[in-house]
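Remember, it's 1-based here, ligands and their atoms both numbered in the order they're listed. What you see is a predicted model; the values in this text were computed from it and never measured.
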Amino acid sequence: MNYRGVIHRYHKYLPVKTESIITLHEGNTPLISAERLRKAIGLTARLYLKFEGMNPTGSFKDRGMTYAVSKAHEDSAKAIICASTGNTSASASAYSAKANIRCVVLIPEGKIAYGKLSQAMVHGSTVIQIKGNFDEALKMVIQLGQHFPIHIVNSVNPYRLHGQKTAAFEICETLGDAPDFHSLPVGNAGNISAYWMGYKEWRQEGHTSKTPCMLGFQAAKAAPLVLGKPIKSPETIASAIRIGNPASWTSAIRAKEESNGTIDKITDAEIVKAYKMVSTLEGIFCEPASAISIAGIIKFNKKNPFKKNQILVCTLTGHGLKDPDVAIKNSPKPFTCKNKLDDLVKILKL
Ligand code: F0G
């Protein structure tokens, strides 16, 4: 039968009434072997990229949103709400349109990438720009949820993380076992918690022989988990992870400790370098925030070189088309040419 999304595929692990399932056929994203990137980094280990930009709204959020919105639908919810750096709002907007549920999104004014803003707007959500940052917007959403009958679909909603754990299931199924290391960006810290839950569950079910070491990376000026305390005004080019007080703080630290992993910080310059490497060497256009998973591997490998035959997976969390500004600012400028063949030949130095 036609592929019908993560709930149908893993229904046993994501219980909800079949007639309540709201899906845009998310998940089943490619796990891509990255040979040119591996060589450029000088890795002897095997490197795979889980390209979550291939989800219906262009990010991993769809895995959790299908489950959170299906559950809201099952509960006959009238409205859902989220705070977002962009991707959660894009995903909530699309799934709520399909479910015919009202959607309200709070975003930091002027701080989200243009593609994401267009997604929230086009699906008919009520879009509210907050004169504040993501952390402040999330605080308002949580307060509102306590007083009004509106379902919060941020990752404080446990269904979100259960949906997102399916990415770990897929990776294990594709590789035939769990990888040795899993690298990913950390913002509100839901995804690292979800992956760790997924890897542990798949091991307990007897599908794998091990669980990976979790490597989480935050932007240098938005790294509360590395610093050990919240940051008031986080800053980074990677707007998706511009977060100073992650909601899933405790479970992210638990994932790091239980998996014998690490959570480290990466500068914006290192993020941009990795972003350009993956686009020019692998033909994969991901978000700046996603590229931190590769920048993290580069940094980690310098101190603790990965061994030959170890398997590393980096999650590329979102599609680069969401943030064209960063791509244009960080790529060679296009040439301008007269409509004359001579001029073209001159430019091409043929
Ligand atoms: N990568 C991208 C592209 C994201 O959009 C996010 C989070 C993350 C990584 C970090 O994941 O929060 O689970 O640690 N975006 C949220 C949003 C905050 O509102 O779209 P996390």
Can you tell me which residue and heavy atom of the protein come closest to [atom], and the distance to 0.1 Å?
{"atom": "atom 5 (O) of ligand 1", "value": "N87 ND2, 2.8 Å"}
{"atom": "atom 2 (C) of ligand 1", "value": "T317 OG1, 3.4 Å"}
{"atom": "atom 7 (C) of ligand 1", "value": "K61 NZ, 3.0 Å"}
{"atom": "atom 8 (C) of ligand 1", "value": "I241 CG2, 3.6 Å"}

Exercise for the section: Would you mind finding which of A289, A240, S84 brings a heavy atom closest to atom 19 (O) of ligand 1? Expected result: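 It is S84 that holds the nearest heavy atom.
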
Do [X] and [Y] sit within salt-bridge range, that is, some charged N less than 4.0 Å from a carboxylate O?
{"X": "D180", "Y": "K210", "answer": "yes"}
{"X": "E136", "Y": "K131", "answer": "no"}
{"X": "E35", "Y": "R38", "answer": "yes"}
{"X": "K61", "Y": "E52", "answer": "no"}
{"X": "K12", "Y": "E205", "answer": "yes"}
{"X": "E173", "Y": "R9", "answer": "yes"}
{"X": "E270", "Y": "K299", "answer": "no"}

Of all the heavy atoms in [X], does at least one lie under 4.0 Å from an atom in ligand 1?
{"X": "I243", "result": "yes"}
{"X": "S155", "result": "no"}
{"X": "P185", "result": "yes"}

Taking 4.0 angstrom as the limit and counting only heavy atoms of [X], give me the atoms of ligand 1 inside it, by number and element.
{"X": "T88", "value": "16 (C), 17 (C), 19 (O), 20 (O)"}
{"X": "E287", "value": "3 (C)"}
{"X": "T85", "value": "15 (N), 16 (C), 17 (C), 18 (C), 19 (O), 20 (O)"}
{"X": "V186", "value": "14 (O)"}

For ligand 1, which is the ligand I care about here, please tell me if [X] has any N or O atom under 3.5 Å from one of the ligand's N or O atoms.
{"X": "G318", "value": "no"}
{"X": "N191", "value": "yes"}
{"X": "S89", "value": "no"}

Exercise for the section: Return yes if some donor-acceptor pair links the side-chain N/O of D135 with the main-chain N/O of G244 below 3.5 Å, else return no. Expected result: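 Side chain of D135 to backbone of G244: a pair is present.
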
Exercise for the section: Examine the side chains of S259 and Y199 and answer whether a donor and an acceptor come within less than 3.5 Å of each other. Expected result: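 Checked: S259/Y199 side chains show no N/O donor-acceptor pair below 3.5 Å.
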
Problem - Test item: side-chain donor near acceptor, N87 and E287, under 3.5 Å - result: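 Per modelled atom types, N87 and E287 side chains form a pair under 3.5 Å.
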
